[in-house]
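Accompanying notes for the structure given below.
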Amino acid sequence: MLTLQYIPLNELETLNSENKVRKLLSLVKEDKILLIEGRLTPAEEAHLIESTMEQITKSFRGIEICTVYPQKKREVQFFDKLRKEVLNILGYRQGITIIGPASIIKDIKRDPTKIELLTKNNKMRRNVTKK
Amino acid sequence: MLKKIGSSIKRFLSSLFKSKKHVRLGLYGPPNSGKTTLANRICKDWLGEEMGVASRIPHETREIQFKETVTIKSNGKELSFKLIDTPGIATKIDYEDFLRFNLSQKEAKERAKEATKGVIEAIKWLDNMDAVVVVLDSTRNPYSQVNITIIGNLAARDIPVLIAANKVDLRKANIKKVESAFPQYKVMGISAERGDNIEQFYKTLFKVVR
């Protein structure tokens, strides 16, 4: 059985980076695929990869991770841009992130506003589209 | 935020007191994108010797490798830097993947163990770079999270970036897709193995490494 767990923003934003990464990895190691509201900062993503590498064993072989977020297709007004930057600094609230164990997820394809998640047994194939 | 400000101050101060020959140029990217092949190309062109061993088996480079001083010349100008080749960054390492390349169980497990350390080391070295060439395999989908994470971390540290869309000699190469994935960066299509477009790559390096 495959477990998808949704994690709303308010469940992570009170945690510091260290605890955020620890929580996400512990859930992934329970063989859950996480659908997270928002995205991690680049530093948190790098820390997640580092922590993943530290914990790799014969049974845990790493993670697959993918984020989709709105692309800026047009020039925005100064204050709109400033507002978005402030929101970004406050916690990368836009978009969604998928993280799952590499033992279950074969590949996640992002292209660029659609996520295609391929599982190892090929019995499940899911598309998550973000507009 | 504080880390970013600290990093900018550090960069500003080091730019005041450091001569160009101490510029540290890193090669970053996912495994098998051709980082070591490009490092070897640069070293062969300007030092007459190779830097490391490139292989079709992923995670061939599992430790940071560097050449202390490489000096390249273009249009009468000289640019000296310390060239740093890093292990490929990945989010998963499965020793069974190495068995397909005829490695023994023991060799595969050892390689996987070393590869995890290499990824950690590569990430830690991000803070030591003055400029980075992100080497991507132009035959693969550029929208992978590893690519986005590498470039996002370089942007957060204000480190100048040049993207080398490698393997343009292959039929599946798609430079346009790399360009559209990272429109804010200069993308150079090259073949590190054959040397295609390498002169243009060196010229662009002068603009990126300031």
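Chain identifiers are assigned alphabetically (A, B, ...) following the order of the sequence lines, protein sequences preceding nucleic acid strands; residue numbering begins at 1 within each chain.
B/Ile93 touches chain A through backbone and side chain together, each having a heavy atom under 4.5 Å away. Of the atoms belonging to B/Asn141, it is side-chain heavy atoms, and not backbone ones, that fall under 4.5 Å from chain A. In this structure, chain A has no heavy atom under 4.5 Å from any part of B/Lys117. For A/Thr52, the part lying near chain B is the side chain, with the backbone staying farther off; criterion is any non-hydrogen pair under 4.5 Å. Interface remark: A/Ile56 contributes side-chain atoms only to the contact with chain B (heavy atom separation under 4.5 Å).
Side-chain N or O atoms of B/Thr91 include one that pairs as donor or acceptor with a backbone N or O of A/Ile63 at under 3.5 Å. Looking only at distances, a side-chain donor or acceptor of B/Gln145 sits under 3.5 Å from a matching main-chain atom of A/Thr67.
Looking only at heavy-atom pairs under 4.5 Å with chain B, the residue among A/Ile49, A/Asp107, A/Leu48 that has the most is A/Ile49. Comparing B/Pro142, B/Pro183, B/Gly152 by how many heavy-atom pairs each has under 4.5 Å with chain A, the most go to B/Gly152. Comparing B/Ile151, B/Ile148, B/Leu154 by heavy-atom pairs within less than 4.5 Å of chain A, the highest count is held by B/Ile148.
Residue B/Phe66 qualifies as open at atom CZ: its count of foreign heavy atoms under 6.0 Å is 12 or below. The environment of CD in B/Glu63 is sparse: at most 12 heavy-atom neighbours from other residues, nucleotides or ligands sit within 6.0 Å. Surrounding CD of B/Glu110 are more than 12 heavy atoms belonging to other residues, nucleotides or ligands, all under 6.0 Å away.
Atom OG1 of B/Thr116 and atom CD of A/Glu54 lie 9.0 Å apart (nearest 0.5 Å). Atoms OH and NZ, from B/Tyr95 and A/Lys58 in turn, are 4.5 Å apart once rounded to the nearest 0.5 Å. Residue A/Ser103 holds its OG atom at 9.0 Å from CG of B/Asp94, rounded to the nearest 0.5 Å. Taken to the nearest 0.5 Å, the CZ atom of A/Arg61 stands 8.5 Å off from the CG atom of B/Asp97. Rounding to the nearest 0.5 Å places NE2 of A/His47 at 12.0 Å from CG of B/Asn153.
B/Thr149 and A/Pro42 make their closest contact through CG2-O, 4.3 Å (heavy atoms, listed as atom of the first residue, atom of the second, distance). Of all the heavy atoms in B/Lys92 and A/Lys106, the pair that sits closest is NZ-O, 3.2 Å.
Under the side chain to side chain contact (heavy atoms under 4.5 Å, CB included) test applied with B/Ile123, the options A/Met53, A/Glu50, A/Glu45 reduce to a single match, A/Glu50.
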